[in-house]
Amino acid sequence: MSDQSLHPDTVAVHSGRGDLTDLGVHALPIDLSTTNPLPDVERGGDSYEAMATGGRPPTDGSMVYARLWNPTVGRFEEALAEMEHAEASVAFSSGMAAMTAVILAMTSATGQRHVVAVRPLYGGTDHLLGSGLLGTETTFCHASEVGVSIRPDTGLVVMETPANPTLELVDIAAVIRAAGDVPVVVDNTFATPILQNPLDHGAAMSLHSATKYLGGHGDVIAGVVACNEETAEALRRVRAITGGVLHPLGAYLLHRGLTTLPVRMARQQENAQALVQWLIDQPGVDEVFFPGLDGDPDGILERQMHGTGAMIAIRMRGGYAAASAVAGSVKLFTHAVSLGGVDSLIQHPAALTHRPVPADARPDADVLRLSVGLEHVGDLIADLAQAFATVVDSEEAARAAVS
Ligand code: PLP
């Protein structure tokens, strides 16, 4: 459980390291063992039983097998839990593996097979729920419709805020009130634990694609869910059975990444805010989507976030042609999916991250999503300016060809 007397910047640097002094080390150790010695058959068997049902390794027992427990992963989980003001967290091999485990643990494992999903959601999550592949039935709805969408067999409410890709803010406390006793999972990937702690607003689970800001360097695929210990047991049981476990090398990189998360987030956010001010004056940009840009009329930003984050979406005046031209013309931004790393990325959600979403719920074709990194903002502006200029040039060429 977190020590709330420490500032989040301090927690980020020191959490999950309680056993290092006893081990006689200063940097995080990496344990790559796939199997572990057993003290004797009885205690080995008891340890297996404890972890296969979602528990922790007994102190006089063994970790048995790395699909059940790994100390490097365990340290990262402890750190993330502390940052999310949670009792525990459970790490997975990807954000989608984490979402799969949440759905299985809350629906198939409980017999409550109906899910309420608040759109917009990340395309992969929307696809997973819409496919029914996990034996669930999903009602997709707007945040204001959660109450009427809940049924006696609803086992889970899924929401995301800020939402991907339009940066729409969803009121976590309002969704939780509407959900009643049904557990709510909040995808907290865009905000990170630095800007938003969904459990403080009553959420049962805060889920991250740790691939994004938590890792922060574009070199780890991972997911993690912060929750109470009882829910963690249910998730660890699913993880042990289905095998979506995080590799210790990934856990090491994530744990190391957490230490710089507050400063990365602060600087990336500063860059994004400056970029937004420039973007709103660009004639080629019809609309800029960014938390708080409309003045926070419902007070959600003020109530549940500690900042705006560093994700931006823009609607290009020239439609799909302009959006695809800009994505194809950037030189410093990388035209690539994913987000949250130290370098800036740009991508077309309708064609890529949200392609599996049904057409009527898919982002518009004139929208681009930007993940703002740590480069100097002047260089980022210069890059977008030259990419926008290519659109103007090609529009002028097209007009000349017609006339
Ligand atoms: N949630 C959000 C908001 C995402 O953007 C993503 C991936 O882009 C995911 C979940 C899935 O995470 P992963 O790609 O690590 O499986």
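Counting starts at 1 for both ligands and their atoms, in listed order.
A salt bridge between Arg56 and Glu229 is present, with a side-chain N of the basic residue lying under 4.0 Å from a carboxylate O of the acidic one.
In this view, Thr138 and Val115, Ala117, Leu129, Thr136, Phe140 satisfy the side-chain contact (heavy atoms from CB on, under 4.5 Å) rule, not counting sequence neighbours.
For residues 301-339, the set of pairs meeting the ring pair (Phe, Tyr, Trp, His ring centres under 6.0 Å) definition, not counting sequence neighbours, comprises Tyr320-His348. Every pair passing side-chain hydrogen bond (donor to acceptor under 3.5 Å, both in side chains) that includes a residue from residues 116-131 is listed here, sequence neighbours excluded: Arg119-Asp126.
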Could you list, one pair per line, each nitrogen or oxygen of ligand 1 together with any protein nitrogen or oxygen closer than 3.5 Å, giving atom names and the distance rounded to 0.1 Å?
residue, atom, partner, partner atom, Å
ligand 1, 1 (N), Asp187, OD2, 2.6
ligand 1, 5 (O), Asn164, ND2, 3.1
ligand 1, 8 (O), Lys212, NZ, 2.7
ligand 1, 12 (O), Ser209, OG, 3.0
ligand 1, 15 (O), Gly95, N, 2.9
ligand 1, 15 (O), Ser209, OG, 2.9
ligand 1, 15 (O), Thr211, OG1, 2.6
ligand 1, 16 (O), Gly95, N, 3.0
ligand 1, 16 (O), Met96, N, 2.9

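Smallest separation of non-hydrogen atoms from Arg264 and Gly215: NH2-O, 4.0 Å.
At least one donor-acceptor pair closer than 3.5 Å links the side chain of Asn70 to the backbone N or O of Val73.
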